[in-house]
*Asks:* 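Submitted below is the structure of interest, expressed as structure tokens.
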Amino acid sequence: MLRLGHSFYSQPTLQIARDLLGKRLVRILSGQRLSGFIVETEAYIGEDDKACHASRGRTPRTEVMYGPPGYAYVYFIYGMYHCFNVVTEEEGFPAAVLIRALEPSEGLEWMRRHRPGCPEDQLSNGPGKLCAALAIDRTLNGVDLCTSQVFFIEEGWAVADEEIATSPRIGIRSDEVARSKPWRFYLKGNRWVSR
DNA sequence: TATACGATCACCT
DNA sequence: GGTGATCGTATAC
């Protein structure tokens with residue numbers, strides 16, 4: 001199991017969004033490994049991207065996005081869900097990749113416990129769902145994925161370009177330009193991609 | 001202090 | 001296809 005390091009997170013955001021597909025997201029809980037392979041991502045790039053939280057400038061919430069790459073940006077949304085992003089780009093430039101779906105790998109027992117009554121194939125097929133399944137909350141905001149003992153990303157599958165599809169990002173209402181950008185990446189035909 | 005709304009989800013028709 | 005849940009954040013007053 002090789003953990004991704006600084007060189008990976010130093011690439012351009014769109015490259016990272018693509019390359020994160022097939023990587024393994026790992027959460028250590030009570031000494032147990034909960035993990036899943038990343039099958040869907042979205043890129044949010046800079047203050048000019050109207051869909052990016054940083055489009056309104058630097059605030060307490062977006063502070064992490066302005067920091068160095070390789071850190072976790074976790075935010076709370078709709079009064080009940082968390083979303084997890086990987087911060088990208090050099091310090092001072094706000095950008096991140098939202099992790100939208102996972103194919104569960106290790107710790108299925110725990111994931112089911114975190115999502116009671118949930119059908120097996122919907123444990124982690126959405127940004128809010130995967131955070132619930134892996135117990136990702138705001139206590140992990142600002143964590144360094146390169147050094148944390150409880151939250152990090154490892155090498156996974158080799159993914160060929162032909163296996164990848166792109167589309168506009170999900171859930172963007174605000175802006176026409178932002179909506180048109182094909183900054184969502186997912187594995188074609190993968191059962192765990194969100195709908 | 002007050003208010004509008006959101007990078008979602010589950011459940012309804 | 002549509003809507004309610006539920007609250008932190010940003011912005012306006």
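Just so we're clear, the structure is a prediction, and the values are computed from it rather than from any experiment. Chain naming here is simple, since letters A, B, ... match the order of the sequence lines and numbering starts at 1 in each.
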*Asks:* A:Thr59 has a side chain; which of C:dT6, C:dA10, B:dT8 sits nearest to it?
*Replies:* C:dA10
*Asks:* Stems in DNA chain B: runs of 3 or more consecutive Watson-Crick or G-U pairs, distances under 3.5 Å?
*Replies:*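 Stems (3+ consecutive pairs) listed as B:1-6 with C:7-12, B:8-12 with C:1-5.
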*Asks:* Heavy atoms under 4.0 Å, any strand shown: does A:Arg179 hit a base, just sugar-phosphate, or nothing?
*Replies:*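 Answer is nothing: A:Arg179 stays at 4.0 Å or more from every strand.
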*Asks:* Establish whether the base of B:dA7 is bridged to the side chain of A:Tyr75 by a donor-acceptor pair shorter than 3.5 Å.
*Replies:* yes
*Asks:* Would you mind reading off the distance between A:Arg195 atom CZ and B:dC11 atom P, rounded to a whole angstrom?
*Replies:* 11 Å
*Asks:* Just the rounded figure in Å: distance from P of B:dA10 to CE of A:Met80.
*Replies:* 10 Å
*Asks:* With respect to the phosphate group of B:dA7, does any side-chain polar atom (N or O) of A:Arg184 fall under 4.0 Å of OP1 or OP2?
*Replies:*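 No.
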*Asks:* Choose from B:dG6, B:dA10, C:dA10 the nucleotide whose nearest atom is closest to any side-chain atom of A:Ile77.
*Replies:*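 Closest nucleotide among those given: B:dG6.
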*Asks:* Using distance alone, with no hydrogens and no angle criterion, decide if A:Gln11 and A:Tyr9 have a side-chain donor and acceptor under 3.5 Å apart.
*Replies:*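 No, no side-chain donor-acceptor pair sits under 3.5 Å.
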*Asks:* State whether A:Tyr186 and A:Arg100 meet the cation-pi test: NZ (Lys) or CZ (Arg) under 6.0 Å from the six-membered ring centroid, and within 45° of the perpendicular axis.
*Replies:* no
*Asks:* Which whole number of Å gives the distance between the C1' atom of C:dG1 and that of B:dA7?
*Replies:*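 About 22 Å, rounded to a whole number of Å.
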*Asks:* Cation over ring, A:Arg18 on A:Phe185, under 6.0 Å and within 45°?
*Replies:*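 Negative - A:Arg18 is either too far from the ring of A:Phe185 or too far off its axis.
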*Asks:* For A:Ser35 and A:Arg27, run side chain to side chain donor-acceptor pair (under 3.5 Å): C-alpha distance rounded to whole Å, both residues' side-chain angles, the deciding distance at 0.1 Å, then the answer.
*Replies:* CA-CA 6 Å; A:Ser35 77; A:Arg27 170 83 167 111; over 6 Å; no
*Asks:* When you measure from the side chain of A:Arg61, which nucleotide among C:dA10, B:dG6, B:dA10 comes out closest?
*Replies:* C:dA10
*Asks:* Kindly point out which of C:dT9, B:dC9, B:dA7 is positioned nearest to the side chain of A:Arg138?
*Replies:*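 Nearest to the side chain of A:Arg138 among the choices is C:dT9.
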*Asks:* Quick check on DNA chain B: between A:Gly128 and A:Gly79, whose nearest nucleotide comes earlier from the 5' end?
*Replies:* A:Gly79
*Asks:* Do A:Ser7 and A:Ser10 have side-chain atoms, one donor and one acceptor, less than 3.5 Å apart?
*Replies:*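 No pair is found: no donor N or O on one side chain lies under 3.5 Å from an acceptor on the other.
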*Asks:* Using only heavy-atom distances, determine whether the side chains of A:Glu47 and A:Ser55 contain a donor-acceptor pair under 3.5 Å.
*Replies:* no
*Asks:* Under a 3.5 Å distance rule, please check whether A:Lys23 uses its side chain to pair with a backbone N or O of A:Asp19 as donor and acceptor.
*Replies:*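 It does hold such a pair.
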*Asks:* Pick the C1' atom in C:dT3 and in B:dC5, then give their distance to the nearest Å.
*Replies:* 15 Å
*Asks:* If you check the A:Phe76 side chain, which of C:dC7, B:dG6, B:dC9 turns out closest?
*Replies:*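 So the side chain of A:Phe76 is nearest to C:dC7.
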*Asks:* Which nucleotide, C:dT9, B:dA7, B:dT8, lies nearest any side-chain atom of A:Tyr81?
*Replies:* B:dT8
*Asks:* Do the side-chain N or O atoms of A:Lys50 get closer than 4.0 angstrom to the phosphate oxygens (OP1, OP2) of B:dA7?
*Replies:*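 Negative; the distance criterion is not met.
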